[in-house]
Every structure is written in C-alpha cells, then in structure tokens.
Amino acid sequence: MKKFTALIIILALCLFPAVLISCGDGGGANQDGGDNPNNNISGSGDSVNQDGENPSVGEARIEPELPEKDFENYTFTFFAHQIDYPGDWVGDSDPREIVAEEENADPINDAVYIRNRKIEAEYNINIEMIARPDDVGILRRAVGSGDSTYDAAVIFNNNIPGVVTNNLLVNIDNLPFVDIDKPWWDPAVKEMSIANQNYLLGGDLLILDNEATNGLLFNKDLMADFGIELPYNLVKSGKWTMDAMHDMIKGAEADLNGDGTMGPEDRWGFVVGIDVLHALLVSGGGLLAEKDENDVPYMTFTNPKNLLILDKTMELLYNPEYVVNIHTREEYGDYHSMFEDGRVLFLWMRMRVVESLRGMEGNFGIIPMPKFDENQENYHSVVNPYTGVLLGVPKSAEDLERVSIVLEALSAESRYTLQPAYYDVTLQRKHMRDEESSEMLDIIFNSRVYDIGGVYSFGGVWRDFIELSRNNNRNIISFYEGRLARMERDIERIVETFMSME
C-alpha cells in the first residue's frame with residue numbers, strides 16, 4: 001500500500017506544473033547593463049530572465065541516460081556530516097535530504113521517502129545513511145583500510161580542504177554515469193576544481209547548499225511606515241545596489257527604550273554577522289581567489305575591482321549608528337527575535353534561517369544581496385563557505401559504475417520531487433508571505449557562487465578576512481600584504497597535491 005501511494009504521489013508531482021520549478025542550476029540573474037569590470041565572476045550558469053522567472057518552469061521532464069540494472073538488494077550507504085548547528089543556523093544535526101523512514105506529512109521528508117522508494121525499486125537497492133561529526137577522520141580511516149561501507153559522502157564545506165587534499169575522494173571524471181552537464185547538477189561547483197581536477201558534486205540531491213546560500217530579509221510593515229517602496233522592482237530592473245540599500249537603512253534606527261544608547265531593544269536598519277563582509281564582496285562581483293588559464297587559484301581580493309567593491313561594502317557595513325554586527329556584541333545573541341518583533345528593517349541571513357520565522361506575525365519579504373552598481377549584469381549569491389555541503393565519492397567505494405548510476409538516478413529524481421518540496425512548498429507556501437518573494441528565490445538560487453578562496457581558505461584567509469568586520473577594519477592592503485606569503489605557500493602546496501592525486 002505504501003508503494004502504491006508513493007507511485008500515485010509521484011505521478012501527481014510529474015503532472016502538476018508548479019513542481020517543475022528548478023532551483024539547483026546555479027546560474028546568474030541577467031539584467032540589461034553596460035560593460036563593467038564588476039560583471040565578471042566565476043560560478044555563473046543558466047540565467048534568470050529580467051522578470052525574475054526561472055526558465056525551467058514548465059520544462060518537459062528530463063530522464064537520466066542510465067542502463068537498466070539489478071543490484072541484487074545492495075545497501076547503498078551515504079556517509080553524512082553531523083553537526084551541532086550554531087545559534088543563528090536552525091536545523092537538525094543530520095541532513096534531512098538523504099533518508100526518510102516513513103511518510104509523516106512533512107513535505108521534505110515525504111519527498112525523500114517517495115524518491116528513495118522509487119529508485120530502490122528501480123535498481124533493487126536499499127538506501128541508508130550513517131551520520132557522524134568527523135568527516136576527515138572517518139573517511140581517512142575508511143579509505144586507508146579499504147573499507148567500502150560508504151558509497152558516497154555528504155561533506156561539510158568547512159571540511160572539504162582536509163577531505164580532498166588527503167586524496168580521499170574519486171575524481172568525478174571516473175564516475176561513468178554522472179553527467180555534470182545535466183540540469184540536476186549545479187554548474188557553479190565546477191569552480192571548485194584545481195588544476196582541471198574536480199572531486200566534488202552539488203545539485204538537486206542536496207538542499208543544504210540552498211540553505212547555506214546568502215540573502216536578505218526585510219520588514220514590509222516598517223517599509224510601509226517609512227513610506228519606502230518595496231525593493232522587488234529594484235531587483236527585477238537590475239537596480240538593487242549597495243547604494244540603494246544604504247539609502248534605505250539610513251534613518252531606520254530608533255532608540256525605542258529611550259535610554260540614550262542603541263541596543264537589542266531598539267530598532268536597527270541592518271543586522272549582520274561577520275560573514276557579511278565576504279557575502280557582499282561576492283554579491284558585488286568580487287572573489288577572494290580566482291583561477292588562471294591552467295585552473296590554478298590565485299588571490300585577487302586586492303585587485304582594483306575588488307578594492308572598489310570592498311570600499312563600498314565597508315561604507316555600507318561600518319555604520320554603528322544604524323548597522324549592528326551581532327558577532328561583536330554578546331547581548332545580541334537572539335537577534336532573530338529582533339526581526340520577528342519588527343525592530344529590524346533588513347536582516348542578513350542564510351536561507352535556512354527563514355524556517356525560524358514561521359511564527360512571525362508581521363509581513364516580511366526576501367531579496368538577493370545587492371549588486372555593486374547598476375552596471376553589474378548579474379546578482380551573485382554566495383554559498384557560505386562554512387555551513388554548506390557538497391557530495392563526494394570515497395576512494396574505497398567498491399563499484400564506481402553502481403555508485404554513479406545511483407547518484408545520477410537520485411539526483412535526477414530529486415529535481416522533480418525533493419527540490420519542489422523544499423522550494424515550492426516549504427519556502428514559497430509555508431514561509432514566504434507574497435508572490436514576489438517567490439520570484440526572488442528564483443534569482444537567489446540561480447545565482448549561486450562558490451568562492452574557492454573562501455572554501456579552501458588559503459592560508460586561513462577566509463577566517464581572517466571576515467574577522468576584519470568585527471573591528472570595522474578597513475586596512476585591506478596591509479591585511480593582504482601581511483598574509484600573502486602564507487596564502488601563496490598554501491596554494492602552491494594544494495596545487496602540488498592535486499597534481500599528484502590519481
């Protein structure tokens with residue numbers, strides 16, 4: 001009866017047009033604009049059109065090109081990173097996109113259940129997950145001992161450097177049935193290659209990559225009180241810029257409790273964390289590191305383009321009159337409640353945070369991080385280098401043909417089951433408060449960027465870089481010069497490691 005019910009739901013999903021929305025393509029949102037050095041950024045793929053509509057809406061279902069196989073009741077096991085989430089990151093300790101034991105009316109759980117039962121029946125397998133907190137140590141022991149327990153791994157972004165450079169993963173070129181040009185794989189992840197070798201995958205099989213993507217929440221009720229036009233039209237016309245945002249947040253502050261100082265009980269124009277310095281660098285068209293013609297990384301955040309972006313970023317962020325960085329003030333620990341209570345005009349967040357606001361009574365909207373200026377062609381939404389995840393296949397996996405078939409099948413099916421459940425049902429219907437916010441989600445998820453300089457944090461640069469905002473530090477050049485030798489040594493070491501790996 002469960003299998004029959006699952007089949008009926010699958011057929012309904014396939015026939016219902018709304019579920020053909022895709023959010024895993026990682027492209028750029030294109031607007032009309034002239035040439036500008038800030039337009040060039042790695043990691044963009046398919047575009048969202050100027051009206052903010054995802055081109056994949058209404059597309060015909062695409063089937064993976066896979067052989068018929070009977071894997072004889074094989075147990076296909078994912079290793080997954082288990083994490084105690086920080087206070088500003090709402091979530092369970094285990095990824096929720098891999099396994100589901102039974103249907104329970106939760107959209108994501110039920111989509112995973114339906115997807116897995118379909119692929120299990122098609123290939124005669126059982127899908128399981130083992131979640132542990134130590135990605136690097138567990139995978140190192142498994143590969144070193146030839147333990148083939150794990151067929152695939154969901155790796156925490158912060159642990160990717162240790163996993164990859166310890167030669168623990170299979171090069172994706174050796175996965176014969178994984179076709180990274182298919183729409184269920186995220187093309188932005190190609191930017192994680194080094195020396196033309198890539199060991200990582202991302203796409204529709206995952207939702208933690210969506211949930212780690214940066215965006216902005218804004219209070220619609222406060223904007224109505226201030227007589228400010230909602231920023232949706234600015235976004236869709238390509239005019240949502242750092243200057244436009246700065247104009248909105250100035251003057252939004254108020255000493256509500258009348259004690260003469262600004263604190264957690266007062267109203268703020270913009271509430272941020274230290275990660276926002278990097279998020280705005282990327283949204284303005286910059287990166288910590290880019291790659292040369294040989295696919296070798298080099299540090300770029302002090303080139304003229306990035307210095308202009310950072311100067312404007314700091315003008316926006318370093319205003320303690322109306323901007324508060326919650327990582328600099330212990331008393332701002334529960335800053336989500338400030339937004340829920342209507343005392344914050346703009347809130348920086350990673351997408352998972354939206355779920356913590358399901359009980360908010362006021363009206364809010366969501367938009368992408370701003371551009372540098374109107375001449376910048378695309379919006380860019382960075383995937384947080386700390387909280388996201390990517391996929392890999394351990395070198396100890398027993399049968400790469402089987403692994404690649406199952407991953408391709410699961411990813412293709414996730415495009416039509418898991419992603420609609422996350423994107424259309426969980427965000428648009430349960431948490432979002434208007435249709436415009438749904439359009440904004442198209443732009444955010446189709447403009448994802450992976451900054452290789454942030455994920456690999458060459459010489460510890462990402463950690464140190466975001467710390468600059470803790471003290472409103474503008475000394476980018478001295479910061480860069482003091483760490484350049486260390487960053488270059490780290491890049492050289494990592495490149496040599498990649499070139500020596502099989």
Side-chain angles (χ1 to χ4, degrees), residues 64-67 69 71 74-81 95 97-98 119 123 125 127-132 134-182 184-206 208-209 295 388-412 414 450 452 455-456 494-502:
E65 299 173 17
L66 296 172
K69 289 284 185 178
F71 291 128
Y74 177 77
T75 298
F76 189 97
T77 304
F78 283 88
F79 169 75
H81 178 81
E97 59 260 70
I98 303 301
I119 302 305
Y123 292 101
I125 61 173
I127 298 171
E128 293 187 357
M129 179 181 73
I130 298 173
R132 299 287 185 272
D134 180 12
D135 304 25
V136 182
I138 288 174
L139 290 174
R140 182 189 288 126
R141 288 189 290 274
V143 172
S145 65
D147 181 355
S148 60
T149 298
Y150 308 117
D151 297 280
V154 180
I155 307 162
F156 191 43
N157 279 356
N158 197 47
N159 292 335
I160 281 172
V163 170
V164 176
T165 60
N166 274 285
N167 200 15
L168 304 180
L169 301 180
V170 172
N171 191 312
I172 63 172
D173 289 341
N174 295 324
L175 300 174
F177 290 101
V178 168
D179 185 351
I180 61 172
D181 293 323
K182 287 292 194 291
W184 41 82
W185 297 113
D186 186 350
V189 182
K190 295 176 183 177
E191 295 306 315
M192 295 302 296
S193 69
I194 294 178
N196 297 307
Q197 298 188 67
N198 195 3
Y199 299 85
L200 300 165
L201 294 163
D204 291 341
L205 178 55
L206 302 172
L208 272 168
D209 55 350
D295 203 41
V389 297
L390 288 170
L391 282 170
V393 175
K395 281 202 165 184
S396 54
E398 190 174 60
D399 184 338
L400 296 186
E401 178 181 283
R402 179 175 60 208
V403 169
S404 61
I405 289 173
V406 174
L407 287 180
E408 187 79 358
L410 283 171
S411 298
S414 295
Y450 288 86
I452 194 169
V455 175
Y456 275 88
I494 290 174
V495 171
E496 289 176 353
T497 299
F498 265 74
M499 296 181 71
S500 68
M501 293 192 299
E502 298 178 357

Worksheet item: Can Trp185 and Ile172 be said to form a side-chain contact (heavy atoms from CB on, under 4.5 Å), step by step?
Response: CA-CA 12 Å; Trp185 297 113; Ile172 63 172; over 6 Å; no
Practice prompt. Please name all residues satisfying salt bridge (Lys or Arg N to Asp or Glu O under 4.0 Å) with Glu398, sequence neighbours left out, ordered by chain then number.
Written response: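 Once residues adjacent in sequence are excluded, the partners of Glu398 under the salt bridge (Lys or Arg N to Asp or Glu O under 4.0 Å) criterion are Arg402.
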Fill in: Partners meeting salt bridge (Lys or Arg N to Asp or Glu O under 4.0 Å) with Glu401 (sequence neighbours left out)
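Testing Glu401 for salt bridge (Lys or Arg N to Asp or Glu O under 4.0 Å), a comparison that skips the adjacent residues, returns Lys69.
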Looking at residues at least two apart in the chain, or sitting in another chain, which of them share a side-chain hydrogen bond (donor to acceptor under 3.5 Å, both in side chains) with [X]?
X	result
Asp179	Lys182
Asp147	Thr149
Tyr150	none
Ser148	none

Discussion item. With heavy-atom distances below 4.5 Å as the criterion, would you say the side chains of Trp184 and Pro64 are in contact?
Written reply: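 Yes, side chains in contact.
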Practice prompt. Taking the side chain as every heavy atom from C-beta outward, state whether Tyr450 and Leu200 have any atom pair closer than 4.5 Å.
Written response: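 Result no, sub-4.5 Å side-chain heavy-atom pair not found.
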Discussion item. Strictly by salt bridge (Lys or Arg N to Asp or Glu O under 4.0 Å), give each pair with a member in residues 150-178 just once, sequence neighbours left out.
Written reply: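 Checked against salt bridge (Lys or Arg N to Asp or Glu O under 4.0 Å) - neighbours excluded - no pair reaches residues 150-178.
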Practice prompt. Could you give me the CA-CA distance, side-chain angles and deciding distance for Val406 and Tyr74, then say whether side-chain contact (heavy atoms from CB on, under 4.5 Å) is met?
Written response: CA-CA 11 Å; Val406 174; Tyr74 177 77; over 6 Å; no
Partners of [X] by side-chain contact (heavy atoms from CB on, under 4.5 Å), sequence neighbours excluded?
X	value
Ser193	Asn198, Lys291, Asp295
Ser404	Leu175, Pro176, Phe177, Val178
Asn167	Lys395, Met501
Ser414	Arg115, Asp204, Leu205, Leu418

How many angstroms lie between [atom1] in [X] and [atom2] in [Y], if you round to the nearest 0.5 Å?
X	Y	atom1	atom2	answer
Phe79	Ile98	CZ	CD1	12.0 Å
Ile452	Ile160	CD1	CD1	10.0 Å
Tyr123	Leu66	OH	CG	4.0 Å
Glu496	Thr165	CD	OG1	12.5 Å
Ile494	Met499	CD1	CE	14.0 Å
Leu391	Ile155	CG	CD1	7.5 Å

Mind listing the closest non-hydrogen atom pair of [X] and [Y] along with its distance?
X	Y	value
Val189	Leu390	CG2-CD2, 3.8 Å
Leu407	Ser411	O-OG, 2.8 Å
Val389	Asp209	O-CB, 4.1 Å
Gly146	Ser396	C-CB, 4.2 Å

Practice prompt. In sequence, state the C-alpha distance, the side-chain angles, and the governing distance for Ile194 and Val164, and then conclude on side-chain contact (heavy atoms from CB on, under 4.5 Å).
Written response: CA-CA 11 Å; Ile194 294 178; Val164 176; over 6 Å; no
Discussion item. Test side-chain contact (heavy atoms from CB on, under 4.5 Å) on Ile119 and Phe76; report intermediate values, then the result.
Written reply: CA-CA 11 Å; Ile119 302 305; Phe76 189 97; over 6 Å; no
Give every donor-acceptor pair under 3.5 Å between a side-chain atom in residues 135-142 and any protein atom, sequence neighbours left out.
unit_1	atom_1	unit_2	atom_2	d
Asp135	OD1	His81	ND1	2.2
Asp135	OD2	His81	ND1	3.3
Asp135	OD2	Phe156	N	3.0
Arg141	NH1	Gly137	O	3.4

Discussion item. Is it the case that the side chain of Gln197 and the backbone of Asn171 share a donor-acceptor pair, with hydrogens and angles ignored and the cut-off at 3.5 Å?
Written reply: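 Checking the backbone N and O of Asn171 against the side chain of Gln197, no donor-acceptor pair under 3.5 Å is found.
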Practice prompt. Please assess Tyr199 against Phe498 for the test ring-ring contact (aromatic ring centres under 6.0 Å, His included), listing each intermediate value before the final yes or no.
Written response: CA-CA 10 Å; Tyr199 299 85; Phe498 265 74; 5.7 Å; yes
